[in-house]
Structures are given as C-alpha cells and as structure tokens.
Amino acid sequence: MNQNEGGRGAVRGLGPLVVAVALAACGEEGPPPPPVDGPISWDPPQVEDGSPLLERDELWEVEELRFAADGDALRERLSHEDAAVRARAAFALASVRESGAASALATRVLEDPEATVRREAAFALGRLPEEEYSREEATATLREALEGEEDPEVRTRLVESLGLRGTEEALGPLLAESVADDAATTLALARLGLSGVDRQELVLALVEALEDPDPAVREAGAYYFGRIPDAGPWRPVSGAVREALDGYGLQDPAAMHLLPALGRLQAPEDLSRVLLHLRENGDWRTRTNAARAFQEAAPWLESQEARQALLWALDDPSVHVAVAAAEALAGSGTLTQGEVAHLTDWMTGAPERWPAAVPFFPLLAQDDGLRPLLEWGREVGASHPGAALALVRVLAQVPGPEATDFLFHAGEHPDPVVKGEAVAVLEDRWRGEEGEDAELVERYFRLFAEASASEHPYPVM
C-alpha cells in the first residue's frame, strides 16, 4: 500500500499509534506551545511501505484492542485462523494481562504449529501476574514446552520467562548445556536467583559467567550480584567475584554491577577497587554505581580519601554521578567544617548543579550552615524552581525566623508549585513558633489571602 493512499487499514488505529509514539518521545514535560492564528499545519507520519500492520485490518484491530486493554477480545483472537493475528494477540496480552489468559497462552506455547505464535505466547507467559498464573504452573508449562521446542528464538523466550516466573524446578533446564543463547540463559539464572531461589549451583554458575569471554554473558552474570540486596548467598565466593573484577578493563560493562555488590560486603580491601572506578572509569553508569557503593558501605566513609573522592565527584561530567556521590556523602549523617565550607563554595560556583546539592540540604540547614544555604536558595531558586522546591520541603522541619522568612519569600515565587508548597508549609507552622507578633500575623494573612485568590490550583490546595 502506498503511504499516500487512504485505505481503511492505514486510517483506523492511526490515532492511538501517533499518541503512543509522541508519549514515548517526550522524556520531559515541556512548555505549552505558543498560540497561533489560523489552521495548524500538520504533516502525516511517514511509514514504510509493506508494513503488515498497515496492510491488515485484523492486525490493526489487535492493536486497538491492546490500547483499549480489552483482554477478553484479545484472548478470543488467540484462536484466530491467521497465525499473525494469534501472535500479535499473544504479544498484546503480555501488557494487558487479561484474567484467564494463562490457559489459552499455555495452549499456544505448547501446541501452536507456528513458531512466531509460540514465541510470543512464551513471552507473554513470563509477564502474567502471579495471582493469575502461579510460579509452579508457569514453571511446569515452560519446562514442558522447552523439552519439545527446536526453534532457537522460541527457546530463548521460554528461557527468559523461566527466569522471570520459575521456581527451583526451573534450575535444571537452565543449567543444561546449550539450552538457549548463553547471555539469555545467564540472565534467566540471575533473575531466578533474585526471585529467591538460593542454591549453590546457581551462584557457582553465575560466578563462572563472570569469566566468560562474551561480555554480554559477563554482564548478565554480574547483574545478579549487583541487584541482590543481601550478599549472604554469594559471600562464600566473594574472592572469585573480586578476581573477576580485577581482571576487567575499565570499560567492561560487568563492573557496573559488581561495584555496588562489593559495597554490600563492606570489606576494607574493596575500597580501593571502588575508588579506582569512581575516578577513572569512562562509563558514567559504572561511575554512578561506584558512588552508590558507598551508600551500602557506611564504614568506608570513615576514610578521608573516600570522602575527598566523593567531593571530587560532584564535578563529574555526568550529573547522575554527582547526585549519587552527594547522596553517599550526605548519607554519612555528618559533615566536617571543612566539608561545609567546600560545599558552600562549590554550590555558589555551580548553580546548575543544584540536583547534586539537594542531598546536603538537611545537613547544611543545621547551625552555621543555614544562613549561607538560605542565601544560596534565594539566588539560585529564582532561576531553578526545583532547587527552591527541595529547599522549601527541607525547611518544613527547620524552626526559627530565618527559615520562616525564606518560606515567605518562596511563597511569592513565580512557579506555582514552589509557591503552593511554601504556603502549605507556612499553613502548618503559623500557629506555633511566632506567638503574638502582630506584624507577622499580618504577613501570614496577606500571603494566605493572595494564595486563595490565585488562578493556579497549587497555592490553594
């Protein structure tokens, strides 16, 4: 079908598709478009010729049912005579999660003659909620399907779903030789371990994966160590984990996951390993996780070298690294006088880095740090509403006239969210600390009256 032709298949469902693409493209909410006079020009989306979704009314209908979350109708289409419709319906049920779809999907994954349908049904079975399809049921179905499946893509989807929904009974198939793509199998084992399967052979297989020549396998194995909140299951093999990390280059993606894992061990000998990656690794994700490792290892923050490295990381090219470093250092609960002075100078010289300053607000709002913090907030908060909002929320717990005066200042902020938050905080505190000060009572009255008359909803909530 030519993209300029007006066939029914190209028209029906175009609205939901365009909306979905637009929402996916918008990472942040931007300002509203300026008003225009006259009709708004619009260029229709350009779609490649030959797309089956454009040519087939039945496939468009499945997409419309997915957007409408019509699980009953999608389940019915699992029995459609057309394999493409069955496959698309199975894929759609992974997100719709229709109650009662499990048995129909199990039939497709076990009996459908088309590999594409079995593949999508296997994918969907791994995403059904446990209340609809228990882990025991999912494991039995997926294991049975895996035993008789020869198509490599379907096997990979079955293995993936076993990792997501399996029990200990899934461990045997996943440890078998050449069950599926090595990286997919390793990731399935990692997910199985994260779901609570605590078996020595699983941990040993993941340790072995850390030394695999394929970087995708190494990263999949490391994923387990980085994500499991308790290091207990793998503590006996921690030496092998360290050896694997020491053998990686600074660009190996597996290091990204192993650094927070070492933080959970809190061993003094791992501090130098984490500092190396924080200072020198070229991947911002790995540097971020190196900083986060300090959030797991409070004893490391007793080291002056570690604290200096975290202060240095506030100027990292990636703001994600800077925020993680700030959260780690602030998480220690204390700052020295030298650190307070350093942070005050740094905040003044790098106002655009305000997200990395926010974790320090509760500590700086104490004693001698409060006044310079409020001065910074008045200057930076005017052009960075997010900084002003974060400071207002911290000051809700800070008594005294200086904090109250800043809140009144924030109550006149041009951003309605900042203004509304300040008004709400002042509403909570106006009866408490100020006594019979008539001038202050008048100031409260004026602010509340102006907020009540505001055209924005936030100040009057």
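For the numbers below, each heavy atom of this structure counts, side chains included, while hydrogens, waters and symmetry mates do not. Keep in mind that this is a model prediction, so the values were computed, not measured.
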Student: Please indicate whether Gln200 has more than 12 foreign heavy atoms, meaning atoms of other residues, nucleotides or ligands, lying under 6.0 Å from its CD.
Tutor: no

Student: Are any side-chain N or O atoms of Arg273 and backbone N or O atoms of Glu269, one a donor and one an acceptor, separated by less than 3.5 Å?
Tutor: yes

Student: At their closest point, which heavy atom of Ala145 faces which heavy atom of Val109, and how far apart are they?
Tutor: CB-O, 4.1 Å

Student: Report, as yes or no, whether the 6.0 Å neighbourhood of atom CD on Glu131 holds more than 12 heavy atoms from other residues, nucleotides or ligands.
Tutor: yes

Student: With rounding to the nearest 0.5 Å, note down the distance linking CG in Asp182 to OG1 in Thr156.
Tutor: 10.0 Å

Student: Over all heavy atoms of both residues, which pair between Glu132 and Gly100 is shortest? Give the atoms and the distance, please.
Tutor: OE1-N, 3.8 Å

Student: Look at the side chain of Arg165 and the backbone N and O of Leu128, then say whether any donor-acceptor pair between them is shorter than 3.5 Å.
Tutor: yes

Student: Do we see a donor-acceptor contact under 3.5 Å between the side chains of Asp316 and Trp284?
Tutor: no

Student: Using modelled atom types and a 3.5 Å cut-off, is there a donor and acceptor pairing between side-chain atoms of Arg143 and backbone atoms of Glu169?
Tutor: yes

Student: Is the shortest heavy-atom distance from the side chain of Leu74 to the side chain of Phe91 under 4.5 Å?
Tutor: no

Student: Between Glu63 and Arg88, is there a side-chain N and carboxylate O pair less than 4.0 Å apart?
Tutor: yes

Student: Ala121 and Ala90: which non-hydrogen atoms are nearest, and at how many Å?
Tutor: N-CB, 3.8 Å

Student: Within a 6.0 Å radius of atom CD on Glu168, are there more than 12 heavy atoms belonging to other residues, nucleotides or ligands?
Tutor: yes

Student: Once you round to the nearest 0.5 Å, how far does CZ of Phe360 lie from CE of Met347?
Tutor: 9.0 Å

Student: Please check if the number of heavy atoms outside Asp151 that lie under 6.0 Å from its CG is greater than 12.
Tutor: yes

Student: Between Arg127 and Ser161, is the side-chain contact (heavy atoms from CB on, under 4.5 Å) condition met? List the steps.
Tutor: CA-CA 8 Å; Arg127 274 101 184 141; Ser161 290; 4.1 Å; yes

Student: Are the side chain of Thr185 and the backbone of Asp181 linked by a donor-acceptor contact shorter than 3.5 Å?
Tutor: yes

Student: Evaluate Val159 against Leu142 for side-chain contact (heavy atoms from CB on, under 4.5 Å), listing each step before the verdict.
Tutor: CA-CA 8 Å; Val159 163; Leu142 294 167; over 6 Å; no

Student: Whether the side chain of Thr141 engages the backbone of Ala138 through a donor-acceptor N/O pair (distance < 3.5 Å, no angle test) should be reported.
Tutor: no

Student: What pairs with Glu305 under salt bridge (Lys or Arg N to Asp or Glu O under 4.0 Å), at least two apart in sequence or on another chain?
Tutor: Arg279

Student: Are any of the side-chain heavy atoms of Leu187 and Glu160 separated by less than 4.5 Å?
Tutor: no

Student: Between Leu206 and Thr186, is any pair of side-chain heavy atoms under 4.5 Å apart?
Tutor: yes

Student: Please check if the number of heavy atoms outside Glu150 that lie under 6.0 Å from its CD is greater than 12.
Tutor: no

Student: Is there a side chain to side chain donor-acceptor pair (under 3.5 Å) between Trp300 and Asp270 once you walk through the steps?
Tutor: CA-CA 9 Å; Trp300 290 356; Asp270 292 325; over 6 Å; no

Student: Is it the case that more than 12 heavy atoms not belonging to Glu208 sit under 6.0 Å from its CD atom?
Tutor: no

Student: Out of curiosity, Arg307 CZ to Glu339 CD, how far, rounded to the nearest 0.5 Å?
Tutor: 4.0 Å

Student: Would you mind reporting whether Pro233 and Arg199 have side-chain heavy atoms less than 4.5 Å apart?
Tutor: no

Student: Would Glu442 and Arg446 count as a salt bridge (Lys or Arg N to Asp or Glu O under 4.0 Å) if you check the C-alpha gap in whole Å, the side-chain angles of each, and the deciding distance to 0.1 Å?
Tutor: CA-CA 6 Å; Glu442 174 65 21; Arg446 275 198 316 271; 3.8 Å; yes

Student: Does Leu301 reach the side chain of Leu310, with side-chain heavy atoms less than 4.5 Å apart?
Tutor: yes

Student: Which pairs of donor and acceptor atoms, one on a side chain in residues 405-416, lie under 3.5 Å apart (sequence neighbours left out)?
Tutor:
from: Asp405; atom 1: OD1; to: Arg443; atom 2: NH1; distance (Å): 3.0
from: Asp405; atom 1: OD1; to: Arg443; atom 2: NH2; distance (Å): 3.1
from: Asp405; atom 1: OD2; to: Arg378; atom 2: NH2; distance (Å): 2.5
from: His409; atom 1: ND1; to: Arg378; atom 2: NH1; distance (Å): 3.4
from: His413; atom 1: ND1; to: Asp415; atom 2: N; distance (Å): 2.9
from: His413; atom 1: NE2; to: Gly381; atom 2: O; distance (Å): 2.8
from: Asp415; atom 1: OD1; to: Val417; atom 2: N; distance (Å): 2.9
from: Asp415; atom 1: OD1; to: Val418; atom 2: N; distance (Å): 3.2

Student: Taking the side chain as every heavy atom from C-beta outward, state whether Phe225 and Val207 have any pair of such atoms under 4.5 Å apart.
Tutor: yes

Student: Stepwise, does the side-chain contact (heavy atoms from CB on, under 4.5 Å) test hold for His320 with Arg287?
Tutor: CA-CA 9 Å; His320 298 284; Arg287 297 198 306 277; over 6 Å; no

Student: So, Arg429 side chain and Val425 main chain: donor-acceptor pair closer than 3.5 Å or not?
Tutor: no

Student: Under 3.5 Å, is there a donor-acceptor pair between the side chain of Arg218 and the main chain of Pro213?
Tutor: yes

Student: What is the ring orientation for Trp354 with His384, classed by angle as parallel under 30°, tilted 30 to 60°, or perpendicular over 60°?
Tutor: tilted

Student: With side-chain contact (heavy atoms from CB on, under 4.5 Å) as the criterion, how do Phe294 and Leu329 come out once you've worked through the C-alpha distance, each side chain's angles and the decisive distance to 0.1 Å?
Tutor: CA-CA 8 Å; Phe294 289 91; Leu329 188 55; over 6 Å; no

Student: If you round to the nearest 0.5 Å, how far is CG of Leu262 from CG of Asn289?
Tutor: 11.5 Å

Student: Taking all atoms of both residues into account, what is the closest heavy-atom pair of Asp283 and Gln251, and its distance?
Tutor: N-OE1, 4.3 Å

Student: Can you tell if the side chain of Asp315 reaches within under 4.5 Å of the side chain of Trp346, non-hydrogen atoms only?
Tutor: yes

Student: Once you round to the nearest 0.5 Å, how far does OG1 of Thr286 lie from CG of Leu250?
Tutor: 9.0 Å

Student: Just verifying a value: how many Å separate Asp214 CG and Glu219 CD, rounded to the nearest 0.5 Å?
Tutor: 10.5 Å

Student: Has the side chain of Arg135 got a donor or acceptor atom that lies under 3.5 Å from a matching backbone atom of Gly166?
Tutor: yes

Student: Taking all non-hydrogen atoms of both residues, which atom of Leu259 and which atom of Leu245 are closest, and how far apart?
Tutor: CD2-CD2, 4.0 Å

Student: Assess whether a salt bridge exists between Glu296 and Arg264, defined as any Lys/Arg side-chain N lying under 4.0 Å from an Asp/Glu carboxylate O.
Tutor: yes

Student: Over all heavy atoms of both residues, which pair between Ala297 and Gln266 is shortest? Give the atoms and the distance, please.
Tutor: CA-CG, 3.8 Å

Student: Does Ser195 use its side chain to pair, donor to acceptor, with the backbone of Leu192 at less than 3.5 Å?
Tutor: yes

Student: Within the 4.5 Å heavy-atom criterion, are Leu395 and Leu370 side-chain neighbours or not?
Tutor: yes

